[in-house]
*Asks:* 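Dropping a structure here in C-alpha cells format, bear with me for questions.
The residues of the chain are indexed from 1 along the displayed sequence.
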Amino acid sequence: MRHSPVNPKTKRAARTALQTLAAVAAVLPALAAVVADSDDLAVAAPWLVAAAVATGAVAGTVARIMASPAVEAFLDRFGLGLADDEGGPAQ
C-alpha cells in the first residue's frame with residue numbers, strides 16, 4: 001500500500017466534503033423545483049425541512065457506500081483512502 005503525504009485528518013475532511021456534495025446534489029433539484037413553484041416561503045418551509053432530512057439520509061448512505069472495499073480502493077488511488085500513515089485503519 002502506498003503512503004499518501006496527505007494528513008489523515010485532511011483525508012477525512014475531503015471524504016466528508018465529497019459525501020455532503022453528493023447529498024446536496026441529489027436533493028437540490030427537487031428543492032429548487034418546490035421553491036420555484038412556491039409564492040410564499042411558509043408554504044415551502046415543510047419542504048425545506050424534508051430536504052434537510054433527505055440530505056442527511058443521502059449523506060449517510062454515501063458514507064456507507066464510501067466505506068465499501070471497492071470504493072475504498074478507488075479512493076486510495078487519489079490519496080483519500082482511510083489507511084493512516086502507519087498503515088492501520090483510521091480511527
Side-chain angles (χ1 to χ4, degrees):
M1 176 179 280
R2 74 169 207 218
H3 296 306
S4 173
V6 179
N7 182 324
K9 290 181 181 180
T10 303
K11 289 181 193 180
R12 291 182 189 104
R15 291 171 64 100
T16 300
L18 287 171
Q19 294 163 4
T20 303
L21 181 63
V24 169
V27 174
L28 194 58
L31 179 61
V34 168
V35 172
D37 289 342
S38 174
D39 293 332
D40 186 13
L41 188 57
V43 174
W47 287 95
L48 295 173
V49 171
V53 171
T55 301
V58 171
T61 302
V62 171
R64 181 65 182 111
I65 291 168
M66 288 179 74
S68 74
V71 175
E72 183 63 32
F74 175 76
L75 290 173
D76 198 39
R77 292 181 189 177
F78 301 100
L80 294 175
L82 284 180
D84 286 336
D85 290 333
E86 293 83 33
Q91 296 293 327

*Asks:* Are any side-chain N or O atoms of Ser68 and backbone N or O atoms of Ile65, one a donor and one an acceptor, separated by less than 3.5 Å?
*Replies:*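 Present.
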*Asks:* Nearest 0.5 Å, what's the OG1-CD distance between Thr61 and Gln19?
*Replies:* 10.5 Å
*Asks:* Nearest heavy-atom pair of Arg15 and Leu80: which atoms, and what distance?
*Replies:*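 Smallest heavy-atom distance, with atoms named: NH1-O, 2.9 Å.
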*Asks:* I'd like to know if Leu21 and Phe78 are part of one continuous hydrophobic network [Ile/Leu/Val/Met/Phe/Trp/Tyr, side-chain heavy atoms within less than 4.5 Å].
*Replies:*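 No, it is not one cluster - the side chains of Phe78 and Leu21 are not joined through contacts under 4.5 Å.
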*Asks:* Nearest heavy-atom pair of Ala23 and Ala59: which atoms, and what distance?
*Replies:*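 Taking Ala23 first and Ala59 second, the nearest heavy atoms are CB-N, 3.6 Å.
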*Asks:* Linking I/L/V/M/F/W/Y whenever any side-chain heavy atoms sit under 4.5 Å apart, do Val53 and Val27 land together?
*Replies:*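 No, it is not one cluster - the side chains of Val53 and Val27 are not joined through contacts under 4.5 Å.
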*Asks:* I'd like to know if Val71 and Val58 are part of one continuous hydrophobic network [Ile/Leu/Val/Met/Phe/Trp/Tyr, side-chain heavy atoms within less than 4.5 Å].
*Replies:* yes
